[in-house]
Amino acid sequence: MPELPEVQTLVDDLRASSLIGQTIKDVQVRWPRIVAEPTLELFCRQLAGQRVSDIQRRAKYLVFSLGSGQSLLVHLRMTGKFAFASPKDALEAHHHVLLTFGDERQLRYHDTRKFGRFSLVQSAEEALRHLGLEPLSAEFTPEALEQRLRGRRTPLKAFLLDQRQVAGIGNIYADEALWGAGLHPATPAGSLSQEQVHFLYSSIIEALQRGLRNMGTTLGNSQANFYSVAGRRGRNEDELRVFRRTGLPCPRCGQAIERTVLAQRSTHYCLRCQQNGKRT
DNA sequence: GATAATGTTGGTCG
DNA sequence: ACGACCAACATTAT
């Protein structure tokens, strides 16, 4: 669920909540497998007592910089969420990690499916080295995208989901970006013309920025969905063009949106607008 | 009430 | 290099 815009929304929320500068007084892990590294014991011992010096996003990871120079990396996978509470407040079944700060606030990690992972690492750069281009940074240029696409026969949809190429795009924004570019999801990545690469480039940025502007996408009403730290829903569902809109009219041409499965993921597109012709 | 599907990632296996 | 499949889990939709 949480892709780049959702994770950025959480990071913005955490920064706005004056967490930077606070000291982690206590660490409780209620589901040990959430901790990927180091061992559970070291994780708790080394994290306690540290000051949070910065909070940033890289791809779909939250990066907490710590006083020791180490970093706490959190990946929310499908259903991870953060919210503040008082240590006295009742715990829910899916509260798995509790960070209590010096000001008595408790940051609670909630994850119904338990896929999320916490890592305490010496170097964030090293641990996140495998990730590709940040699509909203200066390193993401049409030329850099073209270089990554070149020679690949993999479908564009699979390419966009590959975090080693462009980092932070998930199923929602991949489908939205391909619709915006007028490209069929099954198009071989290396087959794009220079013009099509430019369409894809600008469409990726547009789709992500729309998500950001709306503070993320919250689909439907289930609790397993995206909610900000403050518990707010994202507003981007209303602006989705194709994702989970199977059978509904394409906003550009009115044709019913198709659904198929590509790269083992549900994939939504407009048969008429995404035939790799010129974008309107 | 059983079964399928779900926004992610990382692994295996051909 | 690539894709098919699975595993980690729980909830919701069918």
Side-chain angles (χ1 to χ4, degrees), chain A residues 1-10 30-37 57-62 73-81 92-97 109-119 127-132 148-179 185-191 207-208 210-212 214-228 233-237 239-247 259-269:
Chain A
M1 167 192 9
E3 307 180 25
L4 185 153
E6 289 76 31
V7 177
Q8 186 65 53
T9 299
L10 295 179
R30 306 174 73 228
W31 185 262
R33 296 191 62 171
I34 295 275
V35 175
E37 64 175 311
R57 179 193 60 75
R58 169 76 170 111
K60 302 177 193 171
Y61 289 84
L62 293 106
L73 308 180
V74 179
H75 196 298
L76 307 162
R77 296 284 184 101
M78 301 276 274
T79 54
K81 285 177 245 313
E92 291 169 24
H94 302 298
H95 278 137
H96 303 309
V97 181
Y109 177 70
H110 186 281
D111 189 347
T112 48
R113 291 181 72 175
K114 300 173 178 161
F115 290 169
R117 291 293 178 263
F118 283 51
S119 301
L128 302 177
R129 205 178 31 170
H130 62 286
L131 295 168
R148 301 258 180 174
L149 289 163
R150 194 182 302 156
R152 310 191 142 268
R153 265 159 298 176
T154 196
L156 281 179
K157 172 72 182 256
F159 175 88
L160 292 180
L161 292 177
D162 187 344
Q163 302 299 301
R164 295 167 303 182
Q165 303 302 335
V166 183
I169 301 172
N171 212 25
I172 298 174
Y173 297 99
D175 282 5
E176 294 296 308
L178 289 170
W179 180 87
T187 311
S191 72
L208 293 173
R210 186 179 310 121
L212 266 180
N214 289 316
M215 296 195 294
T217 303
T218 302
L219 291 163
N221 294 307
S222 97
Q223 222 234 285
N225 237 298
F226 170 73
Y227 288 89
S228 70
R233 295 172 60 87
R235 295 185 308 266
N236 201 51
E237 183 178 22
E239 295 195 32
L240 295 177
R241 315 298 204 231
V242 288
F243 192 79
R244 294 244 188 127
R245 289 178 46 81
T246 312
R259 178 189 178 278
T260 183
V261 174
L262 241 151
Q264 283 81 246
R265 315 295 301 283
S266 73
T267 297
H268 313 76
Y269 65 102

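Below, read A as the first sequence line, B as the second, and so on, with proteins coming before strands; counting in each chain starts at 1.
Of all non-hydrogen atoms in A:I34 and A:G116, the two that sit nearest each other are CD1-O, 3.6 Å. In terms of heavy atoms, A:L212 sits closest to A:P5 at N-CB, 3.6 Å.
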Pull out every protein N or O sitting under 3.5 Å from an N or O of nucleotides 11-14 of chain B, one pair per line with the distance.
none

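Partners of A:H95 according to the ring-ring contact (aromatic ring centres under 6.0 Å, His included) rule, which considers only residues two or more places apart in sequence or in another chain, are A:H110. Remark: A:K157 engages A:D175 in a salt bridge (Lys or Arg N to Asp or Glu O under 4.0 Å) (not counting sequence neighbours). Looking at residues two or more places apart in sequence or on another chain, you find a salt bridge (Lys or Arg N to Asp or Glu O under 4.0 Å) between A:R150 and A:E146. With sequence neighbours excluded, no residue satisfies salt bridge (Lys or Arg N to Asp or Glu O under 4.0 Å) with A:R77. Residues passing the side chain to side chain contact (heavy atoms under 4.5 Å, CB included) test with A:E239, sequence neighbours excluded: A:R210, A:R213, A:N214, A:N236, A:R241. Taking A:T187 as the reference, A:N276 meet the side chain to side chain donor-acceptor pair (under 3.5 Å) condition, with sequence neighbours excluded. Residues forming a ring-ring contact (aromatic ring centres under 6.0 Å, His included) with A:F226 (at least two apart in sequence, or on another chain): none. Listed by chain and number, the residues in a ring-ring contact (aromatic ring centres under 6.0 Å, His included) with A:Y227 amount to none (sequence neighbours excluded).
At the heavy-atom level, A:S266 lies under 4.0 Å from the strands shown only through sugar-phosphate atoms. A:F226 comes within 4.0 angstrom of nothing in the nucleic acid, heavy atoms only.
Contact check for A:V74 versus A:R117: no side-chain heavy atoms found under the 4.5 Å cut-off.
Helical stems of DNA chain C (runs of at least 3 Watson-Crick or G-U pairs, donor-acceptor distances under 3.5 Å) are listed by first residue: B:2-6 with C:10-14, B:8-14 with C:2-8.
Whole-Å rounding puts the A:H268 NE2 to B:dA5 C1' distance at 11 Å. Between the P atom of B:dG7 and the CG atom of A:L262 lies a distance of 13 Å, rounded to the nearest Å. Whole-Å rounding puts the A:E3 CD to B:dT9 P distance at 8 Å. Distance OH (A:Y173) to C1' (B:dG7): 10 Å, rounded to an integer number of Å. If you measure from atom CZ of A:R265 to atom C1' of B:dG7, you get 7 Å, rounded to the nearest angstrom. We find that CZ of A:R259 is positioned 14 Å from P of B:dA4, with the value rounded to whole Å. Between the CG atom of A:L240 and the P atom of B:dG7 there is a distance of 12 Å, rounded to whole Å.
A:H75 has a side-chain polar atom (N or O) that falls below the 4.0 Å cut-off from OP1 or OP2 of B:dT9.
Separating the P atom of C:dC9 from that of B:dG1 is a span of 26 Å, rounded to the nearest Å. Between the P atoms of C:dA1 and B:dT8, the separation comes to 24 Å (whole Å). Rounded to whole Å, the P atom of B:dG7 lies 14 Å from the corresponding atom of C:dT14.
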Can you check each nucleotide of nucleotides 5-14 of chain C against protein heavy atoms at under 4.0 Å and return B for base, S for sugar-phosphate only, - for none, in 5' to 3' order?
-> B--BBBSS--

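Between A:Y173 and A:F243, the ring center distance fails the sub-6.0 Å criterion.
Taking every heavy atom of residues 149-165 of chain A and every atom of DNA chain B, pairs under 4.0 Å involve A:Q163, by number.
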Just do the side-chain contact (heavy atoms from CB on, under 4.5 Å) check on A:T218 and A:E237 with the steps written out, would you?
-> CA-CA 6 Å; A:T218 302; A:E237 183 178 22; 5.7 Å; no

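In terms of modelled atom types and a separation under 3.5 Å, the side chain of A:R152 and the main chain of A:R148 share a donor-acceptor contact.
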